[in-house]
Protein chains: 2
Amino acid sequence: MAQGPTITTIAKRAGVSIASVSRVLNGLPTRQDTVSKVMAAAEELGYVRNAVARSLKSSRTHQVAFAMADVGNPAYLAMLREIQPVLKAAGYRLVLHSTGADVADEIGVLHSLGERYVDGLIMVPLRVTDAHLRMLAAARAPVVVIGSVPEGTPVDNVRADSRTGVRLALDHLHALGRRRVGLVNGPPDTVPGAARGAGYVEALAALGLPYDKELVEIGDFYRADGRRAVAALLDRRPDIDALMCANDLIALGALDVLRAAGRRVPQDVAVVGMDDTDLAAASWPSLTSVSLGSAERGRAAAELLLDRLEDGDVAPRLVTVPPRLEVRASTAGEQAPPTGDADRPGADGAGA
Amino acid sequence: MAQGPTITTIAKRAGVSIASVSRVLNGLPTRQDTVSKVMAAAEELGYVRNAVARSLKSSRTHQVAFAMADVGNPAYLAMLREIQPVLKAAGYRLVLHSTGADVADEIGVLHSLGERYVDGLIMVPLRVTDAHLRMLAAARAPVVVIGSVPEGTPVDNVRADSRTGVRLALDHLHALGRRRVGLVNGPPDTVPGAARGAGYVEALAALGLPYDKELVEIGDFYRADGRRAVAALLDRRPDIDALMCANDLIALGALDVLRAAGRRVPQDVAVVGMDDTDLAAASWPSLTSVSLGSAERGRAAAELLLDRLEDGDVAPRLVTVPPRLEVRASTAGEQAPPTGDADRPGADGAGA
DNA sequence: TTGTACGCGTTATCAC
DNA sequence: GTGATAACGCGTACAA
């Protein structure tokens, strides 16, 4: 933990001024022997530029923040996996904020932009409150929101389209001959819950199927909630032949209950999840799931932000990422040969 | 994106000196009406302290870096999930480095400590090369290594114990009456591969079982490798009655093949994975897995680092986290009632 | 109690 | 080409 040398140290050692040192270090035109003297001194002393001092001078930190509710959430993780390399390639470091589903904390992150420790922010808000909108309007650095913000909000915006996603799933189920398709949704007062519920209603209408309240069950977005909800549904409507689940965890809970009840998947009941997380490919039967393009949204957000950091004067942009249906065994009949979707590295290197 | 006010701005506005502003902002004893004037001005202007300038002055960034090979890897993620809140509670931001299994990149991270953009680093090296050891010895900020470093390396060290972990698994299988336990390992030239192979040999000896080369198969740490390896094993030794897999992905591959071959799990063949990732609880049957305590290691590392940041003069410390066996359906017979291990939030908030 | 002045390490603008 | 010197925003001796 040796004390770090500064350009002053080097200047003395090389017998030149700090200005010359700076010039050499920045590749500005300099006489050859000055260059060599400086380089030699820098080498000997193990000089490394102080990023903090440069930032103070340049008011550029080369850091970007990514804020979301929970690092452990697979959907956010998928974004992170894409964001990280894009930023890195552009020479930016990534500062991670996990706000723990706390709205006040999210506002805090927005506020902290004033501290100027990052050049920009990518955030995935849980909800977009008035406080959010005020802070976004007054943000001290460029912000890209993954989610939906009202038109006119002065930030770049990347959206998924879960309504269409639900539509894709229901079309698929309909094509397979399923006519009594239940919905296991999350809370309708969350953005995703609302969108998925609306998508379900729309899709039914488009397919000419009646909307049947008894086929809809609400819970939270966790596996245990899925179990509870599906148990209730089966009880109420034993003739149900398909389940649209608002995310993969709920769908896993559905599989648990169907298995316990002796219903075959997909022969008796087809199951569709949402988000297409790693869990979908790992489960048995593997889970057909609607991908909302988390990875694509992450990449798009990173690119929008980088673009704006280079040229801040473009108008706010909106990118919508289309959903995609990943068909697997839980609707497709035979277990498709495992595709290796979940084939990411395990703990190699992380153990001992 | 209004231009940020500085203490100078506030000083003018409040009609006092910048020193007084600083004093008020830092809670130093100040006359009451000065306090009010300054607070009022700060409020009106929406003042926020410039973190970069403070860092330059205090040579403290309140940032800590976490470097590992791949954010997408569940084992690293488990660490991250624990590290993040610990750092946050202590007022530190988290800078994420995903080195992509590139040794040169890891060295680069170590080198970049000289830029002083973080106060410390937690790293999980893939391998520990001589270059690593040199850089660690010369590191310009405190480093905690998760993995194993040679004695005498001047850094805090947090280790797992996968040998004992394998031992736990084999004891369990032995107690269940299994006597022909195969090993599906990763490359023996990786640290985890070597340790797990050694653990297998040791455990067999301790149990009085013969070591049978035919029961061992080597591949990489991915699901497809697991499938390949287990197919070969079944072919060679149809009488095999248990499989110790070097990680959970391999184990998932094993389940794929066993299912296709009509072997019941666990009745015909018991399967044990390693790392106890979310996938273990999500799979069917759910997977008995050896937890190497990724979460605990992450937390321990964060605490060691924070401790050292407060008092840098303690001697290098070594923490070893014991493994734990998570027994689930792939060895336990009946499907245990789902435990909710995988009950983490889904995409709520991440969609649209 | 308050203000002046300096330093943290860099970059950049001047005269020389 | 090079060397003083002035910022960047903040904290803090020191003097008043």
Side-chain angles (χ1 to χ4, degrees), chain A residues 2-39 41-42 45-63 91 112-119 140-141, chain B residues 2-42 45-63 112-119 140-141:
Chain A
Q3 191 47 260
T6 73
I7 51 170
T8 309
T9 326
I10 296 187
K12 285 198 185 107
R13 174 73 151 243
V16 298
S17 71
I18 62 166
S20 291
V21 176
S22 179
R23 257 181 249 117
V24 173
L25 261 27
N26 292 312
L28 299 180
T30 315
R31 205 198 313 151
Q32 187 50 46
D33 79 307
T34 309
V35 173
S36 359
K37 279 189 294 186
V38 169
M39 294 302 270
L45 296 169
Y47 172 78
V48 182
R49 290 212 272 282
N50 183 313
V52 178
R54 324 186 75 192
S55 292
L56 179 59
K57 187 64 186 160
S58 66
S59 62
R60 281 235 162 209
T61 60
H62 294 282
Q63 292 191 158
S112 74
L113 289 180
E115 298 178 20
R116 319 237 120 223
Y117 65 97
V118 284
D119 297 339
R140 294 263 164 83
Chain B
Q3 189 48 257
T6 73
I7 52 170
T8 309
T9 328
I10 296 187
K12 285 199 186 108
R13 174 71 152 245
V16 298
S17 72
I18 61 165
S20 291
V21 176
S22 178
R23 260 180 244 117
V24 172
L25 261 27
N26 292 314
L28 299 179
T30 315
R31 207 200 308 152
Q32 187 51 47
D33 79 306
T34 308
V35 173
S36 356
K37 279 190 293 187
V38 171
M39 296 300 272
L45 297 169
Y47 172 78
V48 181
R49 290 212 262 294
N50 183 312
V52 177
R54 337 183 68 197
S55 292
L56 181 57
K57 185 69 185 151
S58 66
S59 62
R60 282 232 160 213
T61 59
H62 293 282
Q63 292 192 157
S112 75
L113 289 180
E115 297 178 20
R116 318 236 123 227
Y117 65 96
V118 285
D119 297 337
R140 295 264 164 84

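Proteins come first, then strands; the chains are lettered A, B, ... in the order of their sequence lines, and each starts at number 1.
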Please give me every residue in residues 20-40 of chain B whose heavy atoms get under 4.0 Å of an atom in DNA chain D, ordered by residue number. S22(B), N26(B)
Find the distance E115(B):CD to dT10(C):C1' and express it as a whole number of Å. 13 Å
Output, in order, the C-alpha distance, side-chain angles, deciding distance and verdict of side chain to side chain contact (heavy atoms under 4.5 Å, CB included) for Y47(A) and I7(A). CA-CA 8 Å; Y47(A) 172 78; I7(A) 51 170; 3.6 Å; yes
Looking at dG3(C), I'd like to know if its phosphate oxygens (OP1 or OP2) sit under 4.0 Å from a side-chain N or O belonging to S17(B). yes
Separation of I7(A) atom CD1 from dG3(D) atom P, in whole Å? 13 Å
Measure from the side-chain N and O atoms of S22(B) to the backbone N and O of I18(B), and report whether any donor-acceptor pair falls under 3.5 Å. no
Between S112(B) (side chain) and E115(B) (backbone), is there a donor-acceptor pair under 3.5 Å? no
Donor-acceptor contact present, side-chain S20(B) to main-chain V16(B), <3.5 Å: no
Examine distances only and state if a side-chain atom of N50(B) and a backbone atom of V52(B) form a donor-acceptor pair shorter than 3.5 Å. yes
How close or far is atom P of dA7(D) from atom CG of L56(B), stated in whole angstroms? 17 Å
Please report, rounded to the nearest Å, how far the C1' atom of dA12(C) is from the CZ atom of R54(A). 13 Å
Between R49(B) (CZ) and dC8(D) (C1'), how many Å, whole number? 18 Å
T34(A) side chain to T30(A) backbone, donor-acceptor under 3.5 Å: no
Under 4.0 Å, counting only non-hydrogen atoms across every strand here, what does V52(A) touch: a base, just sugar-phosphate, or nothing? nothing
Choosing from dG9(D), dT11(C), dA4(D), which nucleotide comes nearest the side chain of I18(A)? dT11(C)
Using only atom types and a distance under 3.5 Å, with no angle test, would you say the side chain of R116(B) pairs donor to acceptor with the backbone of R140(B)? yes
To the nearest angstrom, the NZ-P distance between K57(A) and dA6(D) comes to 12 Å
Separation between CD (Q63(B)) and CD (Q63(A)), nearest 0.5 Å, reads 4.0 Å
Quantify the bending of the helix from dT1(C)-dA16(D) to dC16(C)-dG1(D) as the angle between its end axes, each fitted on five pairs, to 10°. 50°
Write out all pairs satisfying salt bridge (Lys or Arg N to Asp or Glu O under 4.0 Å) with one or both partners inside residues 22-34 of chain B, taking only residues at least two apart or from two chains. R31(B)-D33(B)
Any idea which of dT4(C), dG3(D), dT10(C) is nearest the A19(B) side chain? dT4(C)
Please check the phosphate of dT10(C) (OP1 and OP2 only) for any side-chain N or O of Y47(A) closer than 4.0 Å. yes
